[in-house]
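Reading through the C-alpha cells given below for one structure.
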Amino acid sequence: MRNKYQKIVAVDFDGTLCKDAYPAIGDPLPYSIHYIKELAKDGAILILHTCRNGALLDAAVEWCNERGIVFDYINENVPENVERYGGDTRKIYADIYVDTNAVNPRRTYGIGEFDENIGIFSTAEEIARLELCQTKCLCPEYRAAGMCCDCDVFLALRGYHALQIAEACAAEKKTDPPSGGA
C-alpha cells in the first residue's frame, strides 16, 4: 500500500512537457519540466497520461528520460486503484492532472468549496493583473495569444495574494474589540 500522503500525478505530454508539434516532439517547456521534477522530488507517483502509442509513445518516454523525468506508470493506473475500481479503467486516477488543456473551475475562479472566498480571490485577481500582466508579463506566448492572466505564473501569484488577504482579514477579526456592554 502506498504512503497515504504520496500524490499521484498524471502528466500529459504534447503541449505540456513540450510544445505541441505532434506527431513530432516539440521544443521542451522548461517550466513544466521543472515542475514535474519538483513533484517527483517530493515523492509523487508520476503517470505519463498521453494519447501517444506505439513508436510515438516510446519516443516520448525516451525524451522524458533524457530530461530526467522517469514515470512510474505509462497510461495506466497505480495497482491499488486498479484493485479499488475493479480493473484498469480508461480514466487515469490522479490527485493532480498536469495538462495545459485542463480546466478546473475552482482554481480558475479561485473559490472555495461553497464560494466563500470569491471576494478575496476577485481582489487578489485584480492585484495580480496589475502586478504581473500589465507590467512585466513573463509569458509572452500567452500575451500574444490574448490569454494573459491564464498562465500558471498568474494563478500562483493570484493565490499568493489571496492568501495574504485572507490572513490579513483573519488577523483583523482577532484584533477587533468584542462588541457589547461591559
Side-chain angles (χ1 to χ4, degrees), residues 1-13 15-20 28-49 67-69 71-72 78 81 91-182:
M1 187 98 175
R2 74 178 171 95
N3 175 341
K4 69 180 184 177
Y5 299 108
Q6 199 172 12
K7 289 184 178 170
I8 299 172
V9 181
V11 183
D12 183 35
F13 183 73
T16 301
L17 293 176
C18 63
K19 291 184 179 181
D20 196 354
L29 294 172
Y31 181 82
S32 294
I33 292 169
H34 173 76
Y35 179 68
I36 298 307
K37 286 181 175 181
E38 290 299 309
L39 289 169
K41 275 190 221 173
D42 290 341
I45 295 171
L46 300 179
I47 301 173
L48 180 60
H49 186 42
R67 285 154 182 79
I69 299 174
F71 289 96
D72 299 292
V78 300
N81 286 328
K91 180 177 180 180
I92 299 296
Y93 171 83
D95 299 300
I96 300 171
Y97 296 88
V98 181
D99 188 328
T100 55
N101 295 322
V103 175
N104 180 337
R106 286 174 55 191
R107 180 173 181 232
T108 300
Y109 295 106
I111 56 177
E113 189 72 24
F114 302 105
D115 295 352
E116 70 272 11
N117 295 324
I118 198 157
I120 290 172
F121 274 89
S122 293
T123 302
E125 185 159 318
E126 290 175 36
I127 294 168
R129 280 181 195 276
L130 290 171
E131 188 173 304
L132 178 69
C133 298
Q134 294 178 8
T135 58
K136 54 184 176 189
C137 180
L138 301 175
C139 308
E141 290 177 11
Y142 276 86
R143 178 174 275 187
M147 298 181 340
C148 202
C149 301
D150 192 28
C151 68
D152 288 337
V153 176
F154 172 78
L155 295 172
L157 185 62
R158 184 192 63 187
Y160 167 79
H161 285 300
L163 180 61
Q164 299 300 310
I165 293 167
E167 287 175 352
C169 288
E172 189 175 295
K173 286 180 183 176
K174 287 182 181 177
T175 59
D176 283 347
S179 60

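Keep in mind that this is a model prediction, so the values were computed, not measured.
Using modelled atom types, one finds no donor on one side chain facing an acceptor on the other under 3.5 Å when comparing Tyr97 with Asp95.
For the pair Leu17/Ile36, a side-chain contact is recorded, criterion being any heavy-atom separation below 4.5 Å from C-beta on. In this structure, Ile96 and Lys7 have side chains that are in contact, with non-hydrogen atoms separated by less than 4.5 Å. Arg67 is listed as a side-chain neighbour of Ile33, based on a closest heavy-atom distance under 4.5 Å. Between Leu29 and Tyr31, every side-chain heavy-atom pair lies at or beyond the 4.5 Å cut-off.
Phe13 CZ to Asp99 CG: the interatomic distance, rounded to the nearest 0.5 Å, is 13.0 Å. Atom OH of residue Tyr160 and atom CD1 of residue Ile165 lie 10.5 Å apart, to the nearest 0.5 angstrom. To the nearest 0.5 Å, atom CD1 of residue Ile92 and atom CD1 of residue Ile8 are 10.0 Å apart. With values rounded to the nearest 0.5 angstrom, Phe71 atom CZ is found 12.0 Å from His49 atom NE2.
A donor-acceptor pair is defined here as one N or O able to donate and one able to accept, closer than 3.5 Å; no such pair exists between the side chain of Gln6 and the backbone of Ala44.
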TODO: Take Asp72 and Ile47, measure what side-chain contact (heavy atoms from CB on, under 4.5 Å) needs, and give me the verdict at the end.
DONE: CA-CA 6 Å; Asp72 299 292; Ile47 301 173; 5.9 Å; no
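Nearest heavy-atom pair across Ala40 and Leu46 is CB-CD1, 3.8 Å.
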